[in-house]
Amino acid sequence: MHPLLHIRDEVQLALDQDRPVVALESTLIAHGMPWPQNLETGRLLESRIRDKGAVPATVAVLNGSLRVGLDAEELEQLARSGTDALKVSRRDLPFALAEKRMGATTVAGTLMAAHLAGISVFATGGIGGVHRGWQQSLDISADLPELARSPVAVVCAGAKSILDLPATREQLETYGIPVCGYRTDAFPAFYTRDSGLGVDARVDDPAQWARAFRAQRMLATMGAPHARPNTRNYGGMLVVQPVPAEHEAEAERIEAATRLALEEAEKKAIGGKALTPFLLARIAALTDGASLQSNVRLAENNAILGAQLAVALSKLEGWEEGA
Ligand code: PSU
Ligand code: MN
């Protein structure tokens, strides 16, 4: 095993036996939610994945290695650390590792780990994207380019309305990241079910999705007899499903809170990596926790779907050999 990569035994065994595994990120836990709901959510996501017959692998940086799969104690340690844990995207990894910092991986950081470990499915709440005001700030999450180069499917509830969603959709297209709606034709807006934007394709069951994902993987690895395999063709997929209707937040309430939170962020000159966690926390406070409730429920729903997709892949003929 590589000194910088540490895969938990249970996860490695499942991968060796071609059993379904689902990666989970940890920024959602350390920076995205307050204690103790964050620990409860971390545990909930893992147990929903187990219920559906897959092995969860929460990713973080601990003691100088990229960890794929945490034990109960490590998960708690991370949740308790909250924002004391470094928020680790691709550009933060070298220092987090070398200086043995405790790090919570973002979607980008988790994608890197999932790819290195050989995990094909990753479930989260929402991905980062193009921020409102990008014309001035140029703030575009590293989640997007990472998705473009990792052969991993990310299950999410779209991207948060704190972002510029039409611009985020455009960037997904530019990067060639297919956006697959699971039983939906609409690109969801995280706390709410419909952003008014569309998806690239719709699937209605896990087996149908698995065939498309296999085709995408084969595009990266296939070639005529004299062609060289071109791993630059690797690319990920976004699988989106809306927050369950009964847990949807009120769109106007979210939008009003988002505008207020954005104004506050500007006054306080909060930007860069601190922006997303700041906005999430302010919106939760301004909506009396309503946004947090939606966040937990949609993440749970995505963990369940992630496990179903991973199970479908493991049953797909020719998945291990062909792709
Ligand atoms: N979705 C959530 N909560 C979060 C995030 C996403 O429900 O905390 C995190 C993810 O880890 C995502 C990150 O990768 O926000 C994006 O941060 P930035 O905009 O700084 O790239
Ligand atoms: Mn950013």
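Values below: all heavy atoms of this structure, side chains included; hydrogens, waters and symmetry mates excluded.
Figure legend: cation-pi geometry between Arg169 and Phe187, with NZ or CZ positioned under 6.0 Å from the six-membered ring centre and within 45° of its axis.
The side chain to side chain contact (heavy atoms under 4.5 Å, CB included) check on Arg211 picks up Ala207, Gln208, Arg214, Leu316, with sequence neighbours excluded. Legend: residues meeting salt bridge (charged side-chain N to carboxylate O under 4.0 Å, His left out) with Arg259, ordered by chain and number and at least two apart, are Glu255. Residues meeting the ring-ring contact (aromatic ring centres under 6.0 Å, His included) test with His131, sequence neighbours left out: none.
No more than 12 heavy atoms of other residues, nucleotides or ligands lie within 6.0 Å of CD in Glu73, so this atom counts as exposed by the packing criterion. Open room surrounds CG on Asp9; 12 or fewer heavy atoms of other groups in view lie less than 6.0 Å from it. No more than 12 heavy atoms of other residues, nucleotides or ligands lie within 6.0 Å of CD in Glu266, so this atom counts as exposed by the packing criterion.
Contact of the Pro188 side chain with the Val243 side chain is not registered, since no non-hydrogen atoms from C-beta on lie closer than 4.5 Å. Proximity of Met33 to Val296: side-chain heavy atoms (C-beta onward) are separated by under 4.5 Å at one or more points. At least one side-chain heavy atom of Tyr234 sits under 4.5 Å from a side-chain heavy atom of His115. Side chains of Leu309 and Val155 form a contact here, defined as non-hydrogen atoms less than 4.5 Å apart. Contact of the Leu163 side chain with the Arg132 side chain is not registered, since no non-hydrogen atoms from C-beta on lie closer than 4.5 Å. Residues Ile270 and Arg282 fail the side-chain proximity criterion, which asks for heavy atoms closer than 4.5 Å. Looking at heavy atoms from C-beta onward, Met102 lies in side-chain contact with Gln77 at the 4.5 angstrom threshold. In this structure, Leu147 and Val154 have side chains that are in contact, with non-hydrogen atoms separated by less than 4.5 Å.
What you find for Asp143 and Ile127 is that their closest heavy atoms are OD2-C, 3.8 Å. The minimum heavy-atom distance linking Ile283 with Ala261 is given by the pair CG1-CB, 4.2 Å. Nearest heavy-atom pair, Val88 versus Ala96, reported as atom, atom and distance to 0.1 Å: CG2-CB, 4.0 Å.
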- Message: Show, in sequence, the C-alpha distance, side-chain angles and deciding distance for Asp139 and Lys273, and conclude whether the salt bridge (charged side-chain N to carboxylate O under 4.0 Å, His left out) test is met.
- Response: CA-CA 9 Å; Asp139 189 352; Lys273 68 196 293 182; over 6 Å; no
- Worked verdict on Glu99 versus Arg101 for salt bridge (charged side-chain N to carboxylate O under 4.0 Å, His left out): CA-CA 5 Å; Glu99 287 167 19; Arg101 296 277 311 264; 5.3 Å; no
- Task: Decide yes or no on salt bridge (charged side-chain N to carboxylate O under 4.0 Å, His left out) for Glu300 and Arg297, but give the supporting numbers first.
- Result: CA-CA 5 Å; Glu300 176 186 24; Arg297 299 275 84 95; 2.9 Å; yes
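The CG atom of Leu313 sits 12.5 Å away from atom CD of Gln308, with the distance rounded to the nearest 0.5 Å. Atom CG of Leu144 is separated from atom OG1 of Thr174 by 10.0 Å, given to the nearest 0.5 angstrom. For the atom pair Ser89 OG and Glu146 CD, the distance stands at 7.0 Å (nearest 0.5 Å).
Under 3.5 Å, the side chains of Arg67 and Thr58 contain no donor-acceptor pair of N or O atoms. Side-chain contact annotation: Thr124 with Glu25, donor-acceptor N/O pair under 3.5 Å present.
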